[in-house]
Every structure is written in C-alpha cells, then in structure tokens.
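First comes the structure, then the notes that go with it.
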2 protein chains.
Amino acid sequence: MTQLVEARKGLVTKEMKEAAKNEPRSAEDLRTDVEEGVTVVIKNTNRKGTTAMAVGKHLKTKVNANIGTSGDKADITEEMAKLHAAIDAGADAVMDLSTGGDLVAIRKAILDESSVPIGTVPLYQAAVEGALKGKSFIELEGEALFDVIEAQAEEGVDFMTVHSGVNLRALERIKGEDRIMGIVSRGGALTAEWMRQNKKENPLYEGYDRLIKIAKKYDVILSLGDGLRPGCLHDATDRAQIEELITLGELCRRARAEGVQVMIEGPGHVPIDQIEANIILQKQLCDGAPFYVLGPLVTDIAPGYDHITSAIGGAIAAKAGADFLCYVTPTEHLSLPGVDDVREGVIASRIAAHAGDIAKNRDFMKEDNKLSRARKALDWDTQIQLAINPEKAKRLRDSVPPEDGDVCSMCSNLCAIKVGG
Amino acid sequence: MTQLVEARKGLVTKEMKEAAKNEPRSAEDLRTDVEEGVTVVIKNTNRKGTTAMAVGKHLKTKVNANIGTSGDKADITEEMAKLHAAIDAGADAVMDLSTGGDLVAIRKAILDESSVPIGTVPLYQAAVEGALKGKSFIELEGEALFDVIEAQAEEGVDFMTVHSGVNLRALERIKGEDRIMGIVSRGGALTAEWMRQNKKENPLYEGYDRLIKIAKKYDVILSLGDGLRPGCLHDATDRAQIEELITLGELCRRARAEGVQVMIEGPGHVPIDQIEANIILQKQLCDGAPFYVLGPLVTDIAPGYDHITSAIGGAIAAKAGADFLCYVTPTEHLSLPGVDDVREGVIASRIAAHAGDIAKNRDFMKEDNKLSRARKALDWDTQIQLAINPEKAKRLRDSVPPEDGDVCSMCSNLCAIKVGG
C-alpha cells in the first residue's frame with residue numbers, strides 16, 4: 001500500500017503523522033495534500049529504522065545532499081563520513097550516486113546508517129554493472145535496468161530518479177536547438193546515447209507501466225528526472241527542456257492514477273529572471289506535483305563557488321514554490337566532493353531553503369528573531385548556539401578576539417548596539 | 001567643477017569617457033545619465049593616478065569591499081593586503097572604515113595604493129579622534145565633524161557616507177517601532193546617541209548645505225547613509241526606515257540642485273520577498289538615484305555564512321535595479337575580516353552582481369557562454385582561466401585528480417559530455 005492509496009481511502013497513516021512533526025501542517029492536512037498529489041510522504045515500505053519525511057506544498061523546503069563514489073575515487077569510509085556530515089549539517093535526504101567500487105555494498109552501508117530517506121539513480125548501477133561484464137552501456141537490454149530497479153526497491157531505496165521523459169520525441173526536439181552544452185544529465189546522456197545507437201525508444205518510457213508497478217509495491221517515490229535539463233544559462237528554458245517537462249506531466253498523472261507518488265525534477269542552470277517562470281510552468285504542467293530542483297545555478301562563471309550560485313537560484317526557486325532543493329557543492333564541475341564540501345553544500349542549500357520559506361510563511365522567521373534577540377542582548381553563547389554552523393561561528397569570532405567580551409572585533413568599542421543603538 | 005555640473009553644460013568629460021569603458025553605455029549616454037542623476041561618475045578632483053568609475057542605471061552592477069582597522073586590531077600591513085586582495089578579486093571600489101590606529105596614515109596609504117575609488121565614513125574619524133582627546137563622542141561639536149569631512153575631501157576621498165537622514169523626526173518615528181535590533185548602523189547609532197544626549201538636531205542634517213559645499217568643491221559623491229537600516233529581518237521595511245528614506249530623497253534633490261552627485265544607501269537585513277519593493281521604493285522616492293545596498297541579508301541564522309545570505313539578497317536587488325552592492329564577508333557579525341574573508345566576500349558579491357546583470361542585459365551572459373563552450377569542449381585550461389577564481393577552481397579540480405584528463409573525478413568515465421551528451 002502506498003501513502004497515496006491510503007490517503008485516497010481517507011486514512012491518516014503513521015507515516016503521515018511522523019512526517020507532519022515539525023511542519024506547519026497537521027497530519028490530516030498532509031493526508032489531503034498527498035491525496036491531491038501536491039505532497040509526497042517518503043518512506044519505502046521495506047525501509048527500517050527511519051521516520052517518514054514529506055516534501056511538498058505548505059511544508060518546510062527540503063534539502064538533498066548527493067554523495068557517492070566515482071570511477072576515480074571509491075572510498076566507502078569517506079562516503080560514510082560524507083553521509084554523516086550531510087545529516088549533521090541538516091540534510092533532509094541523501095542520494096547515493098555511486099558509480100565506482102562495490103555499488104551494492106556501498107548502498108547497503110548507506111541505507112543501514114542513514115536516518116534520512118535515501119534516493120538513487122538506478123541507471124548508474126545498470127551502466128556500471130554492464131561495463132563490469134565487458135559490455136558497453138549500449139549493449140545493455142532494458143531488462144537489466146528493471147532488474148536493478150526492482151532490487152534497489154526491495155533493498156529499501158526511498159526515492160529513485162528515472163529519466164522516463166527522455167523519449168524519441170524529446171530527442172527530436174533537441175536536434176533543432178542550438179544548445180551549447182547538449183545533454184548534461186548523466187542519466188539523460190546515457191539514455192539518449194543508448195536510444196540513438198540502438199534506434200529504440202527509452203525502456204523507462206516504453207516500460208513505464210512496469211516501473212509504476214515496482215514503485216507501487218514498495219511505495220518508492222518516482223522522481224521523474226529532467227534528462228534534458230539545461231547545462232548552462234544559454235540552454236535554459238528551451239523547447240527541448242519544455243517538451244520533456246510536458247511529458248513528465250503526463251507521466252506524473254499516469255503514476256498517480258495507479259496510486260504511485262511522484263516528484264518532478266527541474267533545472268539546473270537558469271538565468272535569475274527565468275526561475276520563477278520555470279516553477280510556475282512545472283506546477284501547471286505537472287498538476288502541482290512537488291518540484292525537486294538542482295540549484296538552479298544563476299551563472300556559469302563561478303566553478304569553485306557553485307554552492308553560492310545555487311544558493312541564489314535555490315532561494316528564488318523556493319520562494320516561487322520549489323519544494324525540494326538538491327544541493328550543489330563547491331567542487332561541482334571540478335571534482336568529487338569531499339566531506340567539507342558536502343557540509344558547505346548542505347549549509348548553503350539550507351540557507352536558500354530557509355530564505356524561501358520565510359517569504360512563504362513568516363512563522364519560519366521565528367528562528368531568525370531568536371538569534372536577533374540574542375544579538376541585541378550581546379549574548380554570544382546563544383548567538384553561536386543558534387547559528388546554522390555553531391562551530392564555524394565560534395571559530396570566526398575567536399579568529400580576532402575582542403578585548404571587551406560584549407562586542408566583536410569588527411566594530412570593537414564602536415559597536416552600534418553597545419553605543420546605544 | 002563636478003561631473004554633474006559638466007553634464008548639465010552638455011560636456012562629455014574625460015572622466016565620463018574613462019568610466020564608459022567596459023560598460024554597455026557610451027560616454028555621451030553616460031553624460032545624459034549623470035545629468036538625470038541616475039548615474040554618478042566617481043572621482044575626487046584631488047585624486048591622482050586612478051580612473052573614474054561610474055555607478056548607476058544601465059551599467060554593470062558594481063561591488064564595494066569594506067576594509068579597515070578596529071580598536072581590536074590595527075595592522076596597516078594587513079589592511080594593505082586586504083586592499084590588494086579586494087582589488088585582485090575584482091572589487092570596483094573600497095571603503096576604508098578604519099576605527100583603530102593612526103587613521104590618517106592608514107587612509108593615506110590606502111589612497112596611495114588603490115587603483116579603485118575609495119570611500120569613507122568621516123564620522124568614525126571624528127568619533128575616534130574625540131575619544132583620543134579624552135572626550136566622549138557626545139561632547140564633540142558638530143564643527144569637528146565638518147573639519148574631518150573637509151580634510152578627507154581634500155585628501156582625495158571619492159565618496160563619503162553621511163548619515164544626514166538621521167534627524168529628530170526619524171528618531172521620533174523609531175520610538176514607535178517594536179524593533180528587535182534598534183539602530184545597527186555604527187554611524188546611525190553614534191549620531192542618534194549624540195542627538196539624544198545633546199538634545200540637538202543632527203549636524204549633518206542641520207548643516208547639510210555646508211556639506212553640499214564641501215562635496216561640490218572636490219566632486220565628492222555624497223552617499224546618503226541609511227542610519228536606521230534594519231539590523232534583522234524582523235525590523236525590515238518599517239516606518240522608521242521608510243521615514244528616513246523619504247528624507248534621503250529630499251536631501252538627494254537638494255544636493256543635485258547644487259550640482260553635487262548623490263547615491264543612496266540601503267538595507268541591510270530584508271526578507272527575500274521585500275527586496276524588490278525596497279528597490280522600487282528607493283528609485284521612486286529618490287528620483288532614480290543610484291542605490292548602494294549592503295547585502296541585503298535574507299536570513300539572520302547564518303553568521304559565518306553572511307557572504308552567502310548577502311549574495312542571495314544582492315542578486316535579487318541587482319536584478320530589481322540596485323546599482324552598487326556592498327559586500328559582506330563570512331566574518332560579518334563575528335569579527336574583523338582577514339585577507340581570505342575579503343577575497344571570498346568580493347567574489348560572492350560579484351557573483352550576485354553578475355547574476356543580476358544577466359537578468360537586465362543578456363550581453364552580460366557572454367562570459368558565461370564562453371566558459372560553457374570550454375566546458376563542452378572539455379577544455380580545462382580555458383575553463384579554469386575563465387573562472388571567477390582560477391586558483392580555487394584549479395585547486396579543487398586537482399583535489400581528486402581524474403585518471404582521464406578529459407573529465408573530472410565527479411562523474412569520471414560516466415561524464416555526460418564524454419558519453420555523448
């Protein structure tokens with residue numbers, strides 16, 4: 001039974017009650033939202049030892065952290081450190097995007113250790129396992145992909161990115177575009193290349209009903225991936241991207257009709273003035289389904305600072321109605337992130353989510369007011385304790401210690417508060 | 001002669017020609033803009049060895065870096081290192097906000113070394129010098145303040161923050177507000193306390209005509225400070241802030257009538273949904289004068305990350321029409337920034353400015369497209385060279401080196417571009 005099926009029966013489930021905690025929404029309201037499809041309650045029926053988490057309308061904007069190995073570095077100990085860094089920094093969910101080493105063992109360790117929902121992109125495992133068997137990804141049968149999806153669902157993976165929208169029609173559209181970057185989604189690029197070489201439709205589009213059945217069995221959230229998302233500002237909001245989004249809207253409705261919960265994934269790299277339009281369009285074309293955006297990055301010139309370019313886009317997206325932000329780390333476009341990058345990425349994304357939440361609901365500003373009151377009272381212990389990263393706040397304050405413990409070394413004896421402001 | 005006086009005569013000055021370089025505006029257009037007061041061309045007539053820089057409508061959004069000593073740390077060598085770090089990172093202007101050590105010597109060194117315009121808050125020097133003479137700021141006569149202003153203008157300071165809008169009426173308004181933070185501007189707090197203790201009007205309000213005369217003599221830009229700017233989200237856009245803004249609009253008109261160029265300073269801490277309204281209001285109340293904003297910070301919970309909270313607010317402000325962003329460093333609210341903090345602050349602010357510029361004029365996206373083309377071509381040397389901080393981009397790329405030099409260690413052999421995306 002999925003949460004959506006239960007919601008339609010009018011049942012307020014244990015998972016809805018869990019997910020409603022610390023949200024500005026009651027469990028009963030959450031049931032209504034799930035029934036409408038504007039919210040998903042995330043928890044694989046096989047997952048043990050975690051509480052359900054909700055993503056959607058009226059709720060706190062959530063933050064996801066991508067971790068995982070690559071062909072260049074597959075260190076399971078470091079991945080576990082990244083998992084804990086992400087959760088400690090406040091990530092609401094983690095995706096294991098491993099593509100190097102023993103993928104099954106890494107995922108099992110992450111599922112065992114994680115207190116938050118875990119997502120994956122099953123296509124990666126299919127591609128990597130194919131390569132291990134000496135086959136190129138092109139030689140893979142669609143069957144292998146469904147096997148991986150079923151296996152991961154059984155293991156307890158809570159949400160999965162599936163690039164079902166990358167169909168022949170979308171590839172036809174992209175031909176006519178003058179994109180600079182082409183296809184930059186790993187899953188999208190692999191799928192498109194498979195389709196081009198095999199001259200066949202995307203198995204995850206053609207076999208979408210089969211995907212729905214697996215998702216329904218374990219209440220896996222289908223996170224419909226935007227395989228054709230723009231990879232630079234120039235390519236944003238083009239016909240190929242919107243063609244795919246229309247298809248994702250249709251696929252969303254089909255899954256929901258069968259009682260399967262759905263999120264939609266979104267861009268990517270977007271000029272700041274197009275972000276709101278992207279959110280409005282997604283909500284309209286996908287019947288209000290939760291929107292899970294990557295960034296968006298608002299400039300391409302800042303590799304090394306893409307946690308900041310993404311925080312700008314993420315805040316504007318959250319204000320406009322995006323429900324779930326996928327973090328971006330400082331190493332995006334440059335290398336596999338390390339533990340520090342993961343923490344900094346989560347914090348930047350949480351700042352963006354929180355700024356957007358305040359615009360939608362002033363109740364979220366209570367945390368800000370608490371810290372401001374401590375600041376006015378020159379109560380440094382409380383300021384540091386309430387800071388999004390107390391360790392860093394303390395370290396910076398101590399970097400140039402003030403003689404007068406009431407103030408900080410920025411203004412010293414001319415502190416506006418101390419002066420009588 | 002000021003640039004505004006020259007513009008009114010229809011003269012395209014050498015300074016206008018210098019300032020129009022690398023801008024999407026001709027020198028003749030700039031003349032029109034200066035005449036209208038929507039743009040200022042910054043260069044003190046006594047300043048030597050620098051080129052003029054313009055701030056205003058149609059132009060690239062500019063970034064200012066605050067440096068300077070405090071009572072807790074007054075190291076002139078470090079301040080010079082901060083000056084160079086700021087300029088190297090791309091700051092368009094620098095403010096010397098020193099309040100510790102030999103203020104005249106520090107300022108002279110900064111004026112001598114800087115290739116970009118220098119701003120100050122003369123009130124700080126008056127307050128510090130008063131204290132050195134054993135007087136509290138309260139005992140100072142208004143005369144001392146005008147002496148400092150005249151001396152700094154003669155030295156070549158290009159723009160000065162003057163808190164002329166903190167008048168008795170504004171203080172009356174603030175009494176009725178339930179602010180958490182009260183007055184957080186150093187200049188605003190000092191001025192208000194002086195007025196309260198002495199029961200007198202603000203000398204910079206009462207003696208505004210005298211201020212205009214000094215500014216006119218050296219073509220110093222008057223940057224009308226928002227002494228009552230909000231110090232936390234809760235206090236944003238309140239009656240006291242807007243009362244002062246109305247006065248700043250009147251003062252702006254009076255200065256312009258005498259041929260003096262004016263910028264208006266703005267908040268501060270502002271919820272993300274109120275930023276655009278703040279910009280629209282300033283443009284309307286101040287006859288389109290250039291708007292110089294600090295941040296704005298979009299949440300109070302992130303000391304240690306206020307370069308990021310400010311980049312979010314700054315990007316939205318720039319998109320909405322803010323012309324000049326004052327950077328905020330990671331140490332804001334915690335300590336005097338060091339050299340690294342200055343660099344990171346400038347870069348975060350430049351990202352914000354650039355994201356906003358793209359929204360207003362797609363010509364600014366050319367830099368992004370260049371980097372994207374290098375990314376598509378897997379041309380790493382060019383990607384790094386075009387990055388906003390090439391050193392950091394290279395360091396991060398090398399942190400987990402890829403086996404295949406074409407890709408990066410994030411996706412390794414599954415690089416979407418390499419796969420055929």
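The two residues B:Lys392 and A:Gly304 come nearest to each other via the heavy atoms NZ-O, 3.0 Å. Across all non-hydrogen atoms, the minimal contact from A:Ile272 to B:Ala315 is CD1-CB, 3.7 Å. When all heavy atoms of B:Ser70 and A:Met410 are compared, the pair lying nearest together is CB-O, 3.3 Å. Closest approach of B:Arg397 and A:Ser335 over heavy atoms only: O-CB, 4.1 Å. Listed here is the closest heavy atom pair of B:Cys408 and A:Leu334: CB-O, 3.1 Å. Across all their heavy atoms, B:Ala416 and A:Val184 have their closest contact at CB-O, 3.3 Å.
The candidate from A:Ser185, A:Cys411, A:Gly314, A:Gly188 with the greatest count of non-hydrogen atom pairs under 4.5 Å with chain B is A:Cys411. In terms of heavy-atom pairs under 4.5 angstrom with chain B, the leader among A:Asn389, A:Asp398, A:Asp235, A:Ile417 is A:Asn389. Each of A:Ala377, A:Gly100, A:Gly313, A:Ser412 has some count of heavy-atom pairs under 4.5 Å with chain B, and the biggest count is that of A:Ser412. Heavy-atom pairs under 4.5 Å with chain A were tallied for B:Leu233, B:Ile183, B:Ile312, B:Asp300; the largest tally goes to B:Asp300. Ranking A:Lys360, A:Glu367, A:His354, A:Glu403 against chain B, the residue ahead of the rest is A:His354, based on heavy-atom pairs under 4.5 Å. Considering only heavy-atom pairs separated by less than 4.5 Å from chain B, the leading option among A:Gly182, A:Ala352, A:Gly338, A:Pro303 is A:Pro303. Top candidate by heavy-atom pairs under 4.5 Å with chain B, chosen from A:Ala348, A:Ala311, A:Gly68, is A:Ala311. Most heavy-atom pairs under 4.5 Å with chain A: of the set B:Val400, B:Val298, B:Ile301, this distinction falls to B:Ile301. Contact count against chain A (heavy-atom pairs under 4.5 Å) is highest for B:Glu344 among B:Gln274, B:Lys394, B:Glu344. Of the listed residues B:Met365, B:Lys73, B:His333, the one with more heavy-atom pairs under 4.5 angstrom with chain A than any other is B:His333. Put simply, of B:Asp368, B:Asp404, B:Ile388, the one with the most heavy-atom pairs under 4.5 Å next to chain A is B:Asp368.
Interface remark: A:Leu97 contributes no atoms to any contact with chain B (heavy atom separation under 4.5 Å). Heavy atoms of B:Ala192 lying under 4.5 Å from chain A are absent altogether. Neither the backbone nor the side chain of A:Arg350 comes within contact range of chain B; no heavy atoms are under 4.5 Å apart. Interface residue B:Leu386: only backbone heavy atoms are found under 4.5 Å from chain A. Only the side chain of A:Arg362 comes within less than 4.5 Å of a heavy atom in chain B; its backbone stays farther off. For B:His234, the parts lying under 4.5 angstrom from a heavy atom of chain A are both the backbone and the side chain. Only the side chain of A:His269 comes within less than 4.5 Å of a heavy atom of chain B; its backbone N, CA, C and O stay farther away. For B:Ile384, no part lies near chain A; criterion is any non-hydrogen pair under 4.5 Å. Looking at B:Glu193, the atoms closer than 4.5 Å to chain A (heavy atoms on both sides) all sit in the side chain, from C-beta outward. Contacts between A:Ser399 and chain B at a heavy-atom distance below 4.5 Å involve the side chain alone, from C-beta outward. In this structure, chain A has a heavy atom under 4.5 Å from the side chain of B:His307, while its backbone stays farther away. In this structure, chain B has heavy atoms under 4.5 Å from both the backbone and the side chain of A:Met181. Within the 4.5 angstrom heavy-atom criterion, atoms from both the backbone and the side chain of A:Asn369 approach chain B. A:Pro390 does not touch chain B: none of its heavy atoms, backbone or side chain, sits under 4.5 Å away. Residue contact with chain A, scored on non-hydrogen atoms closer than 4.5 Å, involves the side chain of B:Leu371 exclusively.
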Would A:Val128 and B:Leu414 count as a side chain to side chain contact (heavy atoms under 4.5 Å, CB included) if you check the C-alpha gap in whole Å, the side-chain angles of each, and the deciding distance to 0.1 Å? CA-CA 9 Å; A:Val128 171; B:Leu414 288 182; 4.1 Å; yes
Going through the distances and angles, do B:Asp273 and A:Lys319 end up as a side chain to side chain contact (heavy atoms under 4.5 Å, CB included)? CA-CA 8 Å; B:Asp273 55 301; A:Lys319 171 178 178 281; 3.8 Å; yes
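Atom-to-atom distance recorded for B:Ile308:CD1 and A:Ile308:CD1 is 4.5 Å, nearest 0.5 angstrom. Of the inter-residue distances, the one linking B:Thr299 atom OG1 with A:Ile358 atom CD1 reads 4.5 Å to the nearest 0.5 angstrom. Here B:Tyr305 contributes atom OH and A:Ile347 contributes atom CD1; the two are 3.5 Å apart, rounded to the nearest 0.5 Å. Once rounded to the nearest 0.5 Å, the distance linking CZ of B:Arg373 with SG of A:Cys232 reads 8.5 Å. Here CD1 of A:Ile351 is found 10.0 Å from CG of B:Leu297. Values are rounded to the nearest 0.5 Å. Here A:Arg179 contributes atom CZ and B:Ser372 contributes atom OG; the two are 12.0 Å apart, rounded to the nearest 0.5 Å.
Under the 4.5 Å side-chain criterion, counting only non-hydrogen atoms from C-beta, A:Pro330 is in contact with B:Leu396.
In terms of modelled atom types and a separation under 3.5 Å, the side chain of B:Ser409 and the main chain of A:Leu336 share a donor-acceptor contact.
Residue A:Lys370 qualifies as open at atom NZ: its count of foreign heavy atoms under 6.0 Å is 12 or below.
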